[in-house]
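A quick write-up on the structure given underneath.
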Amino acid sequence: MHINMKKATKYIVVLAVLVSFMSCQKNSRPNYQYMPNMYESIGYEAYQESDAFANGVEAQLPAEGSIPRGDFMPFEIENTNEGYAFAKANLTSPLDSTQVDYDRAGPLYGIYCGICHGNKGDGKGKLVQREKILGVPSYADVGRAITEGSIYHTLYYGKNTMGSYANQLNEEERWQVVAYVQKLKADLEK
Amino acid sequence: MKKPYQSLEDNPTYNMKQVIYCSLTSKIFSLCLVLLLSFSTSLIAQEGDPVNGKSLFNSNCAACHKLDKPMTGPALRNVEARLADEQGLDRTWINAWIRNSSSLIKSGDAYAVKIYNEYNQTAMTAFPQLSDQDISDMLAYTAAPAPEPVVAPVAEGGPVQEGGVSNDLILGALALLFALLAIALVLVNRTLNRFAEAKDIKVVTEQEKRTPLWKAFVQNQFLVLVTAIIFLLASGYFVYGYFMQVGVDQGYEPVQPIHYSHRIHAGDNGIDCKYCHSSARVSKTSGIPSLNVCMNCHKSISEVAPETLAEGTDYGVDYNAEIQKLYDAVGWDGTGYTGDSKPVKWIRIHNLPDFAYFNHSQHVEVGGIECQTCHGPVEEMEIMYQHSPLTMGWCINCHRETNVKVKDNDYYTKIHEELSKKYGVEELTVAQMGGLECGKCHY
């Protein structure tokens, strides 16, 4: 009987060791790899750390004044009240009516604007309804009387608490969204 | 009027934390709280009685209106103030609307027509029976400040803690029981042995007559062979399993520098994945949003709502402190940028080896696959983890099973026709289109 009990404890110890091996993999640490040098890229991957730059990350802003390839038009209107007023009065869309594609613009609007402005543009998006963000206007707001140019300016630079969407949408997409906002405004005013 | 009410509510909650241990004081406190609250509500009642208003509201209006969320009709919290501020409409308009909204709409009242159209021309029931006093009672109810559920977590804290203690107690008791049993066994064994010794019975000699079990086992070669095979197979199975999971990070869940919750952002608040991961639409990487994207909202949201904060205690985080970390990183002092920013070092979770190529826009835009198919229930994740194994078998399986989306895609018309003729099928899978060729993923 004594011996048996000792045996039992031995078995238990062995079992415990086995179990602890199995639950060894911690989820807050990555797993082991066979050949790390084939897994990890020598070239930079997006958002990697890097000592080559002062702030220690690979992702950098383009140098001041750099221009992307392709047919790129710099946006020369400034981020000031005068710039806003100028855009409101003079800036018009480069897209003609055949190029405007509501099927593409609608989903883009839904992703980037609808969360605050509402899918109908009435200023009652989900965040507003949940009272997380307040003061979002309806596009039909008479006092604002938004125009193509002012919408683009707002989208490009932001306005007061609204941020800029220039880095999420490219130039053509921005004008598509502007056209869609104009459509919503017209629908609201009906 | 509002001030003392709020500070009263703040105080007891603060104190109550300590009071948990002393339920008597807490009872007195809550009694005081109830008294004070009823006192403060009775002050409101000078204008309209919110208690009566509540019951009227619940019986007449709650079918279509909530206070804080639009349902069939608009949310009605502070509706009187809202209509007065935004539309310049007074009590007479509201009375007229509630008693008979459709006649107001027919009369061509601008706002009535607008709100009617906004709600898809849903007609609101007419309530000609309601008196002026009834309506002012209901409006007083809608004007009451939103309840602050700060008290709740503290009150909940008590029972939860008790539960924890009692669980521990049960476990402790069980452990004690086992220990007692073990001791009893040993004692019984000893006394039995002693009896045996005393009576001169030789317990051991009896065993010597039989061959011990292990000797019998060793002598039986067949049994030894079978056991050895079983043992080898089993250990082979485990070793294989162990080696196969090396390099697979399914379930990997690192601690991020900012406790960022997809549950709150993508789930509760319904923010679209591509709002933040915008490059998934157009490029290989899906990317982590740069901090200016966060600031589009967090310029306005510097603190979470008390309900959200209370949820945070369940996860053991202080959400407001996490937002403060975001502010420190972008260098935002509450009104403007200080220019003193430092990058947030998010820890990458999903990562294919260098020799495999995966492209997001190919799958998300062209293939039309939902993010959740590969990344799991992201909108429920408080902390992001890797849902899929990301092994080659996983990629290949899906390519074998998924059909290519050819509708509205001119690029595929010709090749789809030719290939479906070749394979004699209606719908092509990705595999049949060449999604199993090594070079597509390894280059």
### Message
Between A/Glu173 and chain B, with a heavy-atom cut-off of 4.5 Å, which part of the residue counts as in contact: side chain, backbone, both or neither?
### Response
side chain
### Task
Could you tell me which portion of A/Lys126 (side chain, backbone, both or neither) has an atom closer than 4.5 angstrom to a non-hydrogen atom of chain B?
side chain
### Task
Check each atom of B/Thr308 against the heavy atoms of chain A and say whether the ones under 4.5 Å are side chain, backbone, both or neither.
side chain
### Query
Which bit of A/Asp187 comes within less than 4.5 Å of chain B, counting heavy atoms only: side chain, backbone, both or neither?
neither
### Query
Where does the angle between the aromatic ring planes of B/Tyr275 and A/Tyr112 fall among parallel (under 30°), tilted (30 to 60°) and perpendicular (over 60°)?
tilted
#### Entry: Atom pair NE2/CD1 of B/His265 and A/Ile115 - distance to nearest 0.5 Å
10.5 Å
### Contact class of A/Leu127 relative to chain B, heavy atoms under 4.5 angstrom
side chain
#### Entry: Which portion of B/Asp268 sits near chain A, non-hydrogen atoms under 4.5 angstrom
both
### Message
When you compare the side chain of A/Gln168 with that of B/Asn296, does any pair of heavy atoms fall below 4.5 Å?
### Response
yes
### Query
With only heavy atoms counted, which part of B/Lys299 is less than 4.5 Å from chain A, the side chain, the backbone, both or neither?
side chain
### Task
Counting only heavy atoms closer than 4.5 Å, note whether B/Lys284 contacts chain A via side chain, backbone, both or neither.
neither
### Message
Please classify the contact between B/Pro343 and chain A as side chain, backbone, both or neither, with a heavy-atom cut-off of under 4.5 Å.
### Response
side chain
#### Entry: Residue part contacting chain A, namely of B/Val304, when any heavy atom lies under 4.5 Å
neither
### Message
Less than 4.0 angstrom from a charged side-chain N to a carboxylate O is my criterion; do B/Arg348 and A/Glu45 meet it?
### Response
yes
## Note on the structure
Turns out that what part of B/Tyr242 lies under 4.5 Å from chain A's heavy atoms comes down to side chain
#### Entry: Interface moiety of B/Cys273 toward chain A, non-hydrogen atoms closer than 4.5 Å
neither
### Query
If you tally heavy-atom pairs under 4.5 Å against chain B, which of A/Glu49, A/Gln48, A/Lys190 wins?
A/Glu49
